Amino acid sequence: MHKSVPLLIVTLILAACGREQAPPVRPESPAAQADAAAGRVVAEAKCSNCHGLDGRGTEPLIPHLAGQKLEYLQLALREYRSGERTHAALRQLFSELSETDLNNVAAFYAGLPAIAPAGGTAAQATTADAMAAGRSAAAACAACHGADGNAVMPGMPSLAGQHRDYLVAALQSYKDGTRKHAVMNVQMSAVDAVTLQNLATYYAAQPVRTQDRKATGDTVAGERLSAGCGGCHGLRGQTLDAHTPALAGQDPQYLVTSMKAYRDGSRRHEEMKALLIPMSETQLGHIGAYYAAQSLRQDQAPATLTAREWAERCDRCHGTGTENPTMVVPRIEGQHSEYLAHVLRDYRDGKRHQSTMHAMGMPLTDADIEAIAEHYAALPPR
Ligand code: HEC
Ligand code: HEC
Ligand code: HEC
Ligand code: HEC
């Protein structure tokens, strides 16, 4: 529990009592007497280089303050000052502010009109929308991966029925260059975070077509050689873990290329490297043939959430009409997406301490975070 919570409960109870008689009365607190005009003078001298006099963050990692809730601004300032939120320069700056200046400058920024989003479209996608958007984005990929993700060209990986989380991670790693492949790096460079999620949602849900793959290897030998692989890739390549790709029914030539990539280290995975180093090219061919001959069963777990679906959970606290008297919940719409993504990673990774947000952030992948950040950044202030 935060130390300012009792005060807040009292002020909110007072506010609630006031409401019964008609015009809502500002609670009696230092903030009630705050002087926004005096706060503007402080802001001009000490904050405007970074937060502007209109409350707009001047850099992607500097948050907008305009129209933010007063209580949240005060809380944040005190937390930087006490070191609870770590930022050496801000800690120094805010400890130079008197209590009056602090309340005044918070009142000044809280009173400014909120910044409208820079543009761009909110990711208002439900799973159905995501599927439709993913299908249309996948047109650009069809020549190589097939319209429905069932690739027919030798050497091309099939994507249909692969776990969504694996696809998201694979696409993300091409986009940020951690997985190197000239064609795929170019393909993904133009794809934004939301489209990336939509593509993964689409391919994961496509039915797998059994194909008569032409493989030269010996499937019986391949089965024997794959003994060390089932622990992660499942029986006959039917992976159950969402982050491990299914191998069943995959193109045999692609399987061999990938195994070589792990063996020579161009795709990094220590356990696989150790297992594959002793194997000859012929043996890799056997394994490829074995997995290619299996048919992938589709008992897909439902796709993980879209940005919109996440936001429905976030809006239990961050939405309108959900004031919770025991918590000071900031407004997050229209904030810089870079700042939002940075903060969410900090909560998830325990670098910014707040137990609720840490719990919320726990299951989020980097790709989820990017998509959620873009979603909120594009929403108009409410
Ligand atoms: C040198 C640039 C700089 C100056 C000057 C500066 N800030 Fe900031 N401010 C930042 C950055 C960067 C962050 C985000 C830090 C983080 O990630 O925790 C921030 C965060 C904040 C936050 C937290 C907002 C949120 O959404 O959580 C508040 C409130 C704030 N600043 C108020 C002020 C006030 C008031 C002043 C003047 C007294 C000021 N800042 C001066 C750069 C600055
Ligand atoms: C010109 C052909 C081509 C096009 C177009 C193309 N890809 Fe690929 N894709 C490949 C090849 C080749 C690989 C294997 C690369 C490797 O070994 O890393 C691949 C790999 C992938 C993988 C990784 C599969 C796995 O099992 O790890 C995904 C996911 C993927 N592509 C998605 C896409 C999407 C989405 C698009 C469209 C935006 C696209 N690709 C467009 C050729 C293409
Ligand atoms: C410790 C768990 C583990 C073991 C054991 C393991 N794998 Fe993997 N495998 C993974 C993971 C995780 C990935 C995805 C890694 C990545 O993103 O590059 C993967 C990826 C692959 C891929 C690439 C598939 C694609 O769609 O791009 C192939 C092929 C593969 N493994 C084959 C094997 C074979 C063959 C063995 C046994 C000799 C094996 N693996 C053993 C965890 C494992
Ligand atoms: C149970 C209530 C609750 C839920 C659910 C919740 N939050 Fe929060 N959130 C908070 C509180 C309280 C804070 C203020 C914490 C602090 O002071 O660090 C906060 C802070 C934040 C901030 C920091 C804002 C800033 O200006 O620095 C972001 C970003 C955020 N939440 C995003 C989210 C997202 C995205 C989700 C859904 C994945 C979510 N929250 C779900 C209560 C919640």
Side-chain angles (χ1 to χ4, degrees), residues 2 39 42-43 45-51 57-59 61-65 68 72-77 79-80 84-87 89-90 93-94 96-97 101-102 105-106 108-109 134 137-145 149 151 153 155-159 162 166-171 173-174 179-181 183-184 186-188 190-191 195-196 199-200 202-203 245-247 250 254 257-258 261 266-267 310-318 322 324 326-332 335 339-344 346-347 352-354 356-357 359-361 363-364 368-369 372-373 375-376:
H2 197 276
V42 177
K46 305 205 163 183
C47 325
S48 59
N49 279 348
C50 296
H51 295 287
T58 53
E59 297 279 344
L61 288 177
I62 303 178
H64 302 319
L65 304 180
Q68 183 54 277
Y72 177 72
L73 291 176
Q74 293 174 323
L75 178 70
L77 290 169
E79 286 186 346
Y80 285 119
E84 215 168 312
R85 267 172 85 168
T86 40
H87 195 291
L90 292 180
L93 181 67
F94 299 157
E96 289 162 6
L97 292 181
D101 282 348
L102 186 151
V105 76
F108 166 66
Y109 278 120
C141 326
C144 298
H145 294 289
M153 207 191 295
M156 289 296 161
S158 274
L159 310 177
Q162 201 60 272
Y166 172 72
L167 291 172
V168 167
L171 294 173
S173 65
Y174 287 125
R179 181 168 166 189
K180 298 204 177 1
H181 187 273
V183 171
M184 285 307 303
V186 171
Q187 286 289 326
M188 292 311 295
V191 172
T195 306
L196 188 154
L199 282 163
Y202 170 70
Y203 284 123
L247 304 180
Q250 186 54 281
Y254 173 71
T257 312
S258 309
S266 57
R267 277 179 84 177
W310 271 114
E312 282 165 9
R313 286 159 175 75
C314 313
D315 284 349
R316 286 177 203 155
C317 296
H318 289 281
T322 51
N324 180 335
T326 63
M327 251 189 275
V328 186
V329 184
R331 296 213 169 87
I332 56 176
Q335 193 56 274
Y339 174 73
L340 292 173
H342 160 77
V343 170
L344 288 170
D346 278 0
Y347 283 128
R352 181 167 157 187
H353 299 284
Q354 215 275 348
T356 312
M357 284 306 306
M360 279 308 294
L364 298 175
D368 287 331
I369 285 179
I372 294 170
H375 171 82
Y376 277 108

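Atoms within each ligand, like the ligands themselves, are counted from 1 in listed order. In this text, all values refer to a predicted model and were calculated from it rather than measured experimentally.
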How close do [X] and [Y] get, counting heavy atoms only, and between which atoms?
X      : Y      : result
His64  : Gly57  : ND1-N, 2.9 Å
Gln187 : Val191 : O-CG2, 3.5 Å
Leu196 : Val168 : CD2-O, 3.9 Å
Ala137 : Thr195 : CB-CG2, 3.6 Å
Leu102 : Leu97  : CA-CD1, 4.3 Å
Tyr376 : Ala311 : OH-O, 3.3 Å

Query raised in the report: Given that the side chain starts at C-beta and the backbone is N, CA, C, O, which of these parts of Arg85 lies under 4.0 Å from ligand 1, counting heavy atoms, or is it both or neither?
Result: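 Side chain only.
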Query raised in the report: Is ligand 1 under 4.0 Å from a heavy atom in the side chain of Asp346, in the backbone, in both, or in neither?
Result: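 It is neither; nothing of Asp346 touches ligand 1.
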Query raised in the report: What N/O/S atom of His145 gets nearest to atom 8 (Fe) of ligand 2?
Result: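 The nearest such atom is NE2.
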Subset of ligand 1 atoms that lie under 4.0 Å from at least one heavy atom of [X]:
X      : value
His87  : 15 (C)
Leu77  : 32 (C), 35 (C)
Leu73  : 29 (C)
His342 : 17 (O)

For the residue pair [X] and [Y], establish whether any side-chain heavy-atom pair is separated by less than 4.5 Å.
X      : Y      : result
Ile372 : Leu340 : no
Leu199 : Leu159 : no
Ser266 : Lys180 : no

Query raised in the report: Given that the side chain starts at C-beta and the backbone is N, CA, C, O, which of these parts of Val328 lies under 4.0 Å from ligand 4, counting heavy atoms, or is it both or neither?
Result: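 Within the 4.0 Å criterion, Val328 contacts ligand 4 through backbone atoms alone.
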Report task. Using a 4.0 Å heavy-atom cut-off, say whether Met327 meets ligand 4 through its side chain, its backbone, both or neither. Result ->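 The part of Met327 near ligand 4 is the side chain, not the backbone.
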From [X] [atom1] over to [Y] [atom2], what is the distance, rounded to the nearest 0.5 angstrom?
X      : Y      : atom1 : atom2 : value
His51  : Phe108 : NE2   : CZ    : 12.0 Å
Met188 : Tyr174 : CE    : OH    : 10.0 Å
Cys141 : Met156 : SG    : CE    : 11.5 Å
Leu75  : Met327 : CG    : CE    : 12.5 Å
Leu65  : Gln68  : CG    : CD    : 7.5 Å
Cys50  : Leu61  : SG    : CG    : 11.5 Å

How far is [atom] from the closest protein heavy atom, and which atom is that?
atom                    : answer
atom 5 (C) of ligand 1  : Lys46 O, 3.3 Å
atom 22 (C) of ligand 2 : Tyr174 CE1, 3.6 Å
atom 37 (C) of ligand 2 : Cys141 SG, 1.8 Å
atom 2 (C) of ligand 2  : Cys144 SG, 1.9 Å
atom 25 (C) of ligand 2 : Tyr254 OH, 3.2 Å
atom 28 (C) of ligand 2 : Leu159 CD2, 3.6 Å

Query raised in the report: Less than 3.5 Å between some nitrogen or oxygen of Arg313 and one of ligand 4, yes or no?
Result: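 Such a contact does not occur with ligand 4.
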Requested in this report: May I ask you to list the atoms of ligand 2 that are less than 4.0 angstrom from any heavy atom of Met156?
Outcome: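 Numbered from 1, ligand 2 contributes 10 (C), 11 (C), 12 (C), 42 (C).
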Report task. For Leu199, take its heavy atoms, then give the atoms of ligand 2 lying under 4.0 Å from any of them. Result ->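 Every atom of ligand 2 under 4.0 Å from some heavy atom of Leu199: 35 (C).
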Query raised in the report: Looking only at distance, does Tyr339 have an N or O less than 3.5 Å from an N or O of ligand 1?
Result: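 For ligand 1, there is an N or O atom that lies under 3.5 Å from one belonging to Tyr339.
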Query raised in the report: Does Tyr72 reach ligand 1 with a nitrogen or oxygen that is under 3.5 Å from one of the ligand's nitrogen or oxygen atoms?
Result: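 Right, the criterion is met.
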Requested in this report: Taking 2.8 Å as the upper limit, name the protein N, O or S atoms near atom 8 (Fe) of ligand 1.
Outcome: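 Correct list: His51 NE2.
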Requested in this report: I would like to know whether Arg352 and Thr86 meet side chain to side chain contact (heavy atoms under 4.5 Å, CB included); could you show each step before the answer?
Outcome: CA-CA 8 Å; Arg352 181 167 157 187; Thr86 40; over 6 Å; no
Query raised in the report: Does His64 reach ligand 1, in the sense of a heavy atom lying below 4.0 Å from it?
Result: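 His64: no contact with ligand 1 (<4.0 Å).
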Report task. Measure distances from atom 8 (Fe) of ligand 4 and count the protein N, O or S atoms below 2.8 Å. Result ->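 Protein heteroatoms (N, O, S) closer than 2.8 Å to atom 8 (Fe) of ligand 4 number 2.
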Query raised in the report: What atoms of ligand 4 come within less than 4.0 Å of a heavy atom belonging to Leu340?
Result: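 Atoms satisfying the 4.0 Å criterion: 29 (C).
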Query - Ile372: numbered ligand 4 atoms lying under 4.0 Å from its heavy atoms - result: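 With Ile372 as reference, the close atoms of ligand 4 come out as 35 (C).
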Query raised in the report: Would you say Thr257 touches ligand 2, if touching means a heavy atom closer than 4.0 Å?
Result: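 Distance cut 4.0 Å: Thr257 fails for ligand 2.
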Report task. For Ala140 and ligand 2, answer yes if some heavy atom of the residue is under 4.0 Å from a ligand atom, otherwise no. Result ->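 Heavy atoms of Ala140 do come under 4.0 Å of ligand 2.
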Requested in this report: Could you check His353 against Glu84 for side chain to side chain contact (heavy atoms under 4.5 Å, CB included), going step by step and ending with a plain yes or no?
Outcome: CA-CA 8 Å; His353 299 284; Glu84 215 168 312; over 6 Å; no
Requested in this report: List the steps, then state whether side chain to side chain contact (heavy atoms under 4.5 Å, CB included) holds for Asp368 with Trp310.
Outcome: CA-CA 9 Å; Asp368 287 331; Trp310 271 114; 4.1 Å; yes
Query - Proximity winner for atom 33 (C) of ligand 2, if only heavy atoms of Lys180, Met184, Gln187 are counted - result: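 Of the listed residues, Met184 has the closest heavy atom.
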**Report entry** His145 side-chain N/O to Ser158 backbone N/O, donor-acceptor pair under 3.5 Å
**Finding:**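 Answer holds: no.
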Query raised in the report: Heavy atom of His353 under 4.0 Å from ligand 4?
Result: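 False for this residue.
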Any N or O of [X] that comes nearer than 3.5 Å to an N or O of ligand 2?
X      : value
Ser158 : no
Tyr203 : no
Tyr166 : yes

Query raised in the report: Met184 and Arg179: side chain to side chain contact (heavy atoms under 4.5 Å, CB included), yes or no, with the steps?
Result: CA-CA 9 Å; Met184 285 307 303; Arg179 181 168 166 189; over 6 Å; no
Query raised in the report: Between atom 8 (Fe) of ligand 2 and His181, is there an N, O or S atom separated by less than 2.8 Å?
Result: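 Within the cut-off used here (under 2.8 Å), His181 places no N, O or S atom near atom 8 (Fe) of ligand 2.
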